[in-house]
Amino acid sequence: MAKENGKTNGGSAEEYNAKSINVLKGLEAVRKRPAMYIGDIGARGLHHLINEVVDNSIDEALAGYNDRVVVTIHKDQSVTVEDRGRGIPVDMHPEEKKSALEVVMTVLHAGGKFDKNSYKVSGGLHGVGVSVVNALSEWLIVEVRRDGKIYTQEYRRGIPKYSVKQTGTYKSENNGTKITFMPDKEIFKTTKFHFDTVAERLRELAYLNKEVTMTLKDEADGQEEVYKFKGGLIDFVKYLDENRSPIHKPVYIEGEKDNTPVEIAFEYSDSYSENVHSYVNNINTIEGGTHLVGFRTALTRTFNNYAYKNGLIKDNNKISLTGDDFKEGLTAVISVKVMEPQFEGQTKTKLGNGEVKSAVETLVGEKLSEFLEENSSIAKKIIDKCMRAAEAREAARKARELVRRKNALDTMHLPGKLADCSINDPEHCEIYIVEGDSAGGSAKMGRDRRFQAILPIKGKILNVEKAKINKILENIEIQAMISAIGAGIGEEFDHEKARYGKIILMTDADVDGSHIRTLLLTFLYRHMKELITSGKVYIAQPPLYKIKKGKEEHYAFDEEERDKILKRFRAGKDEKILTVEEIEETEGGEQQVKGIVISRYKGLGEMNPEQLWSTTMNPETRTVLQVNVESAAAADKVFETLMGDAVEPRRAFIEKHAKYAKLDI
Ligand code: 0RA
């Protein structure tokens with residue numbers, strides 16, 4: 001069994017060699033182009049390693065064999081993922097002539113081949129296989145408990161150190177797999193794991209798989225959290241609406257249609273925004289797809305039928321409820337399991353399987369009608385809410401028309417404040433949305449006018465989280481952004497029509513600046529979402545320090561750069577140079593070292609056009625951070641926390657995140 005390997009069993013030596021060479025080639029391909037398999041080699045890609053192993057453990061849960069996953073971040077930043085699944089098979093693989101365990105761990109995409117009838121993932125960054133984690137780990141140890149025996153194999157950069165061997169026995173029923181890996185410092189730019197980032201995915205998985213208990217431990221600081229949600233999606237929806245005021249208890253729909261298990265929870269709150277999150281095989285389908293379309297269609301039709309039948313909408317009433325009216329204040333999570341999912345769209349996060357639409361639509365139609373019959377007061381509350389949304393929508397249509405007549409939504413007439421670029425090709429053009437007229441002025445003078453456009457925005461724009469759509473459309477600053485970007489808004493928004501390939505937000509590095517940035521991001525997220533999900537939104541990174549000696553001024557983005565400048569001035573060797581936070585706490589907001597003044601760089605307005613160009617706008621030398629939506633549910637939570645009514649969670653959030661430039665929302 002597991003002691004067997006290709007050399008002593010069956011296949012010829014050549015065959016064994018050919019297979020081994022293929023394995024090495026596969027591992028090499030992963031190490032050569034890691035980003036192709038895990039997205040990138042930064043913090044995101046690093047965390048994907050954990051997700052990949054955990055996803056495999058969750059697949060075991062989906063198959064009905066696992067109820068527990070424990071993730072441990074060790075002090076040395078190696079990670080253990082342990083589950084109570086069936087354990088990776090260890091018997092001889094008939095084709096590869098070695099233990100199936102070795103095949104799963106060393107051959108690309110081998111994992112799924114063993115298990116045909118399962119709800120597994122294809123495509124995207126998920127489901128690339130544990131062999132990818134192995135290839136990108138300096139070392140990895142796998143321990144399998146199966147049939148009363150413990151089997152072990154160790155690897156270096158994906159290559160086995162020895163054949164799978166039996167290292168013990170166990171008595172209890174605790175089958176399972178334990179994988180410990182050390183991400184390779186030769187591959188990753190950072191190898192530091194963040195508790196919160198790992199926690200976010202584990203929490204999401206715990207909501208989506210209510211039978212599984214997820215535990216996360218960080219041995220570096222002793223932190224430990226356990227996620228177990230008996231209520232599943234009902235708890236998820238409540239969590240998402242934690243800072244909103246729901247108008248009824250969540251509606252829960254669960255069932256299976258045409259081999260497609262469907263689970264949905266939704267509720268309406270008194271807010272205006274919509275928060276719908278959909279999943280296929282535990283993967284967040286950020287771009288939606290057929291499951292979502294099926295849900296929306298059934299929701300609209302079932303409520304309309306109910307409303308007509310019960311005289312809540314009269315036939316002669318001018319107002320009829322459309323799909324859009326059911327969006328306002330809706331918080332929902334839709335989770336389906338699909339045998340062979342087809343993912344489409346820009347980021348391969350849109351479900352394409354046509355049969356899933358009708359499965360979801362039929363099931364929701366049936367179950368929701370039943371629910372409404374039994375819960376007439378909830379039905380009435382929701383329909384009331386949607387009728388008010390319909391009235392507001394009508395008002396918004398009128399407002400839009402008015403605005404359109406004034407040309408603001410019309411791309412033929414660009415806003416007066418916009419300094420456009422001369423090139424017409426969106427792919428090569430970028431727009432800086434700049435806080436304040438004075439910084440806007442510097443940016444206009446400093447830019448490369450061929451491909452950089454500047455739109456100054458005055459002060460704080462409207463908080464779209466708290467305003468009705470007609471008010472949003474009446475806002476001058478928002479109108480200017482809509483027409484400059486030129487791709488419409490809301491339902492009509494089409495990111496492919498955007499006049500720029502990059503939308504760069506440039507605000508001051510102070511509290512106001514970060515507030516304005518959040519307002520802008522919230523607006524883009526709620527009303528031009530695809531701009532963000534397609535990766536077109538960036539944040540400019542002005543320097544952190546200003547270093548002044550006489551008339552000479554220098555800017556530095558981090559402490560390393562600051563120290564280089566000080567070294568050139570032959571200063572700072574013997575003194576302790578303050579951090580940005582410490583400088584801010586000093587009386588004058590600066591530190592003097594041998595006649596050199598080091599200060600926290602504050603406003604964009606402090607720099608002249610040349611300085612602004614060279615530090616923040618020149619594509620050759622600047623850093624811009626791309627805004628990513630890793631998990632739409634987490635992003636919603638961030639915006640709602642920052643922009644919603646509840647004060648206490650906002651304060652707590654800001655305190656917790658103030659120190660990070662966290663842009664993976
Ligand atoms: C291949 C086949 C089977 C399970 C697994 C792989 C598996 C992989 C991982 C990774 C972490 N935990 C895991 N647990 C299982 C099917 C097993 C069977 O048919 O018995």
Side-chain angles (χ1 to χ4, degrees), residues 1-2 23 26 30 37-38 47-73 78-96 98-122 125-137 139-155 158 160 164 170 173-183 198 201-202 205-206 209 211-216 281-283 337 339:
M1 290 257 304
V23 166
V30 177
Y37 298 86
I38 54 162
H47 287 83
H48 265 295
L49 298 183
I50 298 187
N51 294 347
E52 185 55 45
V53 183
V54 171
D55 283 355
N56 278 281
S57 300
I58 292 290
D59 283 343
E60 283 294 284
L62 287 185
Y65 297 97
N66 179 31
D67 60 359
R68 219 182 116 80
V69 181
V70 181
V71 178
T72 310
I73 305 168
S78 62
V79 170
T80 299
V81 179
E82 204 173 351
D83 66 46
R84 291 208 291 214
R86 285 167 290 187
I88 303 177
V90 289
D91 48 337
M92 263 282 284
H93 191 273
E95 277 168 34
E96 304 279 347
K98 49 183 130 176
S99 166
L101 175 57
E102 180 171 332
V103 176
V104 168
M105 296 307 297
T106 58
V107 179
L108 290 184
H109 303 293
K113 283 187 200 155
F114 295 81
D115 226 10
K116 284 219 177 62
N117 291 323
S118 69
Y119 298 107
K120 281 242 171 89
V121 183
S122 66
L125 295 178
H126 292 269
V128 288
V130 272
S131 58
V132 167
V133 178
N134 196 11
L136 300 178
S137 293
W139 52 261
L140 183 149
I141 305 170
V142 60
E143 198 181 286
V144 169
R145 288 167 182 256
R146 206 175 151 101
D147 307 326
K149 297 191 181 94
I150 303 173
Y151 302 89
T152 305
Q153 190 168 37
E154 290 178 47
Y155 315 81
V164 172
Y170 64 99
E173 283 295 283
N174 287 344
N175 292 354
T177 304
K178 178 170 154 185
I179 293 176
T180 305
F181 63 95
M182 174 65 91
V198 183
R201 175 66 178 157
L202 297 189
L205 284 169
N209 303 277
E211 69 285 359
V212 186
T213 305
M214 314 283 294
T215 303
L216 175 59
N281 303 352
N282 291 318
I283 294 172
K337 303 281 157 32
M339 210 64 101

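We count ligands from 1, going down the list as the structure has it; atoms in each ligand are counted the same way. These numbers were taken from a predicted model, which means no experiment stands behind them.
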Next on the checklist: Below a 4.0 angstrom heavy-atom separation, can you tell me which part of Ala100, side chain or backbone, both or neither, approaches ligand 1?
Outcome noted: neither
Checklist entry - For the side chain of Asn66 and the backbone of Ser57, is there at least one donor-acceptor N/O pair under 3.5 Å apart? => result yes
Checklist entry - Short list, please: which atoms of ligand 1 are under 4.0 Å from a heavy atom of Ser57? => result 11 (C), 12 (N)
Item to check | ligand 1 to Asp83 polar contact by distance, N or O atoms, under 3.5 Å | outcome: yes
Item to check | side chain to side chain contact (heavy atoms under 4.5 Å, CB included) partner of Val130, chosen from Leu140, Thr106, Val142, Asn56 | outcome: Asn56
Checklist entry - Residues in side-chain contact (heavy atoms from CB on, under 4.5 Å) with Ile141, at least two apart? => result Trp139, Thr152, Glu154
Checklist entry - Side chains of Asp55 and Asn282: is there a donor and an acceptor less than 3.5 Å apart? => result no
Checklist entry - For ligand 1, which atoms have a heavy atom of Arg146 less than 4.0 angstrom away? => result 17 (C), 18 (C), 20 (O)
Next on the checklist: Distance under 4.0 Å to a non-hydrogen atom of Asn56: what atoms of ligand 1 satisfy this?
Outcome noted: 9 (C), 10 (C), 11 (C)
Next on the checklist: Are the side chains of Arg84 and Asp67 in contact, using a 4.5 Å heavy-atom criterion?
Outcome noted: yes
